[in-house]
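Worksheet: the structure to be examined is printed underneath.
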Amino acid sequence: HGGVLGQVWRGGKRQERLAAFLRGVAVVPLDEDLGRRSGALLGRARGSDVIDAAVVLLAADGDSILTSDAEDLESLAEKAGTHVDIVPV
């Protein structure tokens with residue numbers, strides 16, 4: 001979602017590989033519905049990162065999530081009941 005893009009995008013020539021990767025990715029908005037669902041998940045998981053919660057909610061069973069925050073995403077996925085592969089980077 002757009003929040004993740006904001007966390008990684010810094011613009012400029014250094015981001016050519018990321019820009020190429022994004023051509024094959026659907027970036028969805030972090031809208032009111034996703035925000036509310038993310039907040040509810042954070043309440044269940046006792047977490048605080050809405051960006052991570054929204055990523056987990058957008059993932060489907062069997063998806064892989066690349067992250068530098070594996071522990072938090074694993075906890076969120078467990079509380080969401082989503083079976084994903086958390087890949088530390």
Closest non-hydrogen atom pair between Asp49 and Ile51, with its separation: OD1-N, 3.0 Å
Side-chain contact, heavy-atom cut-off 4.5 Å: Leu42 with Asp52? no
Could you tell me which non-hydrogen atom of Ser38 sits nearest to which non-hydrogen atom of Val50, and how far apart they are? CB-CG2, 3.6 Å
Which donor-acceptor pairs under 3.5 Å do the side chains of residues 66-89 make with protein atoms, sequence neighbours left out?
residue : atom : partner : partner atom : Å
Thr67   : OG1  : Asp69   : N            : 2.8

Using atom types as modelled and distance alone, determine if a side-chain donor or acceptor of His1 lies under 3.5 Å from a backbone N or O of Ala54. no
Taking it one step at a time, do Asp33 and Arg36 satisfy side-chain contact (heavy atoms from CB on, under 4.5 Å)? CA-CA 5 Å; Asp33 176 64; Arg36 286 177 187 248; 5.7 Å; no
Applying the 4.5 Å side-chain criterion to the ILVMFWY set and letting contacts propagate, would Val8 and Phe21 be lumped into a single cluster? yes
Quick one: does Arg10's side chain have a donor or acceptor within less than 3.5 Å of a partner on Gln7's backbone? yes
Heavy-atom side-chain proximity of Leu58 to Asp63 below 4.5 angstrom: no
Would you check if Leu5 and Leu22 make a side-chain contact, meaning some heavy-atom pair closer than 4.5 Å? yes
Please check if Val28 and Leu57 belong to a single hydrophobic cluster, counting links between Ile, Leu, Val, Met, Phe, Trp and Tyr side chain heavy atoms closer than 4.5 Å. yes
